[in-house]
Every structure is written in C-alpha cells, then in structure tokens.
Amino acid sequence: MPKSVHAGFTVITVEDYEEMSMVAAKFIIDKVKNNSKLTLGLSTGGTPKKVYENLILDHRKNQTSYKGVTTFNLDEYVGLADTHPNSYHYYMLHRLFKHIDIPDHQCHIPSGLVNDIEEECAKYEKIIYSVGGIYLQILGLGENGHIGFNEPGTSFSKRTHVTTLTNETRLANSRYFNRVEEVPKQAITMGIETILSSQQILLLVSGEKKAKALDACINGELDEDIPCTALQKHHKVTIVADKEALH
Ligand code: F6R
C-alpha cells in the first residue's frame, strides 16, 4: 500500500528486487501509454536492469511504442568511448534502446569523450530545455546517498556538470570493471537542480546497502552531504523500495 511521508513523497513498499522492477516497469509503461510524446530521464547501474528487461518484454508482447518518446540519461563516465562496454552509452543501447522502437536521435546521453566538456554540459542542458524539460525522471540511489553522480557535498543548485567520483562510488562500481583502477575518476552528470526540474521522479531502491541513504532521504533533514535529501524539495516523488532497503 502506498503511504505518504513528505507532502511530495509516495512510498511503495515491495517485497524484493523482482517486484520493484515489475512495479516500476508498469509505472513507466502507463506513462508512455498516456503520453506517446513522453520525455523520460533514465539511469543506469544495477538497479534498473530488470526494469528495462520488463519494458522490452512488454514492448514485444503488447507493442507499447516508444516512437515518440525522448530520453535523457543522467550521466556518463568521462574518458570512455560510446562503444566501451562499461560506458553508459553501451549499457543503454544493449539493455534497452536496440530492443524497442525508439529512434536513435531521440536518445540523449552526455558524451564523456569531447574536447570541451563544459560546452558539452551546457549543450545537454540546452537540449533538455528545448524539448520542454523531463516529464518523468528515473533514479537509482548510491550507497552514499548520491543521485545521478552528484556526490556528497554537491550544491543542490548545480545543473549538468563534471564531477569527481568518490572512492566509495568507484569501489561500488568496480564490480563492472576488471580492477577499481579502471573505473574513471570523473563523470558528467545532470545536477540536482536539473533532476528537480523534472515534473515527476521515480526513485528505485533495492537492498540493505541502500537502507541508510534511503532513511536519510525519507526521514532526514535537507543536507548537501546527503544528495538524495534534495528530493524532499520536489512535489512529486514516487519511491519504490523493497523491504531490505526500507528496514
Ligand atoms: C546511474 C546513476 C547512479 C546509480 C547509483 C546506484 O546512472 O546515476 O546514481 O543510480 O550509483 O547504482 P546501482 O543501481 O548500481 O546500485
């Protein structure tokens, strides 16, 4: 049963990762069906993998169409080519985009391989603005409370920018690389202000490792050292979290 906490928060408690992925996929599919020109903000990492699998299954079974949908990913590592298996370009192409009918030119991910990275950040903001902003932003949660790659201490007023990843985040993400040293030290990320500008947010959280950050997000004070607490400033956040994350 959804239960209200902050005025803007709806918390949906689910049993486990499987159920979180099912509930989140249904939430997204309903939005796409209601608005064929939806603008979606997307995240990567372990959390949404199964959500994307469910979207693909539904697309095959029920022909839900993404022809009019536009997407913006939260972040990308600096220094990895789009074709690098650990880049978020590669992740999105292979885990979602190539399996649905979304046109390539409607899928946006910042490039981590440009000469002028500041210009790339400004350009990304401009494109988001030019399509009228993001309607639904999907978020995962870092163990240290990060959203996107906005690490602890990031100003809530930042828009898309270059960030230095904490050792904690590089260690957490090293599971996808051969060695922690291979994890890039920097990333481009939408800022917290960019995230808060979306009309709705869907935060997905699974597992005990996220419990402390999720507790701060729901019950803590606004604190730039715990970036997810910024979500308390938003008027419409749906949190789908499993029992381990909510314990
Ligand atoms: C990914 C992103 C990150 C992840 C977070 C959780 O695009 O922006 O904030 O959502 O690091 O990662 P997982 O899901 O791998 O635990």
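Note that these values count all heavy atoms, side chains included, but never hydrogens, waters or copies made by symmetry. Note that the structure is a prediction, hence the values are computed from the model and not measured. All ligand and atom numbering here is 1-based and tracks the order in the structure.
- Nearest protein heavy-atom contact of atom 6 (C) of ligand 1 is Leu141 O, 3.4 Å.
- Contact annotation: for Thr44 versus ligand 1, heavy atoms closer than 4.0 Å belong to both the backbone and the side chain.
- Against a heavy-atom cut-off of under 4.0 Å, Gly148 is close to the following atoms of ligand 1: 2 (C), 3 (C), 8 (O), 9 (O).
- The heavy atom nearest to atom 15 (O) of ligand 1, out of those in Gly46, Ala187, Pro227, is found in Gly46.
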Compile the donor-acceptor pairs under 3.5 Å between side chains in residues 95-102 and protein atoms, sequence neighbours left out, one pair per line.
from	atom 1	to	atom 2	distance (Å)
Lys98	NZ	His94	ND1	3.2
His99	NE2	His94	O	2.7
Asp101	OD1	Tyr66	N	2.7
Asp101	OD2	Ser65	OG	2.7

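- Close contacts of ligand 1 with Ser43, meaning ligand atoms under 4.0 Å from a residue heavy atom, involve 7 (O).
- Protein heavy atom nearest atom 14 (O) of ligand 1, with residue, atom name and distance: Thr47 OG1, 2.4 Å.
- The contact set between ligand 1 and Gly140, taken as ligand atoms under 4.0 Å from a residue heavy atom, comprises 10 (O).
- A salt bridge does not link Glu143 to Lys210: none of the charged side-chain nitrogens sits closer than 4.0 Å to a carboxylate oxygen.
- Contact atoms of ligand 1 toward Leu74: 8 (O) (distance under 4.0 Å to a heavy atom of the residue).
- For atom 16 (O) of ligand 1, the closest non-hydrogen atom of the protein is Lys210 NZ, 2.8 Å.
- For atom 2 (C) of ligand 1, the closest non-hydrogen atom on the protein side is Asp75 OD2, 3.3 Å.
- Heavy-atom separations between Glu143 and ligand 1 are all 4.0 Å or longer.
- The ligand atoms of ligand 1 that sit less than 4.0 angstrom from a heavy atom of Gly45 are 14 (O), 15 (O).
- Taken to the nearest 0.5 Å, the NZ atom of Lys212 stands 11.5 Å off from the NE2 atom of His247.
- With sequence neighbours excluded, no residue forms a side chain to side chain donor-acceptor pair (under 3.5 Å) with Lys209.
- Side-chain N or O atoms of Gln186 include none that pairs as donor or acceptor with a backbone N or O of Leu165 at under 3.5 Å.
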Could you go step by step and tell me if Ser206 and Asp242 meet the side-chain hydrogen bond (donor to acceptor under 3.5 Å, both in side chains) rule? CA-CA 5 Å; Ser206 169; Asp242 66 15; 2.7 Å; yes

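- Set against the non-hydrogen atoms of Arg175, the atoms of ligand 1 under 4.0 Å away are 13 (P), 15 (O), 16 (O).
- Closest to atom 11 (O) of ligand 1 among all protein heavy atoms lies His146 NE2, 2.6 Å.
- A salt bridge links Glu125 to Arg159: at least one charged side-chain nitrogen sits closer than 4.0 Å to a carboxylate oxygen.
- Seen from the ring of Tyr124, Lys126 does not count as a face-on cation partner, given the 6.0 Å and 45° thresholds.
- Side chains of Ser197 and Thr194: a donor-acceptor N/O pair is absent below 3.5 angstrom, by distance only.
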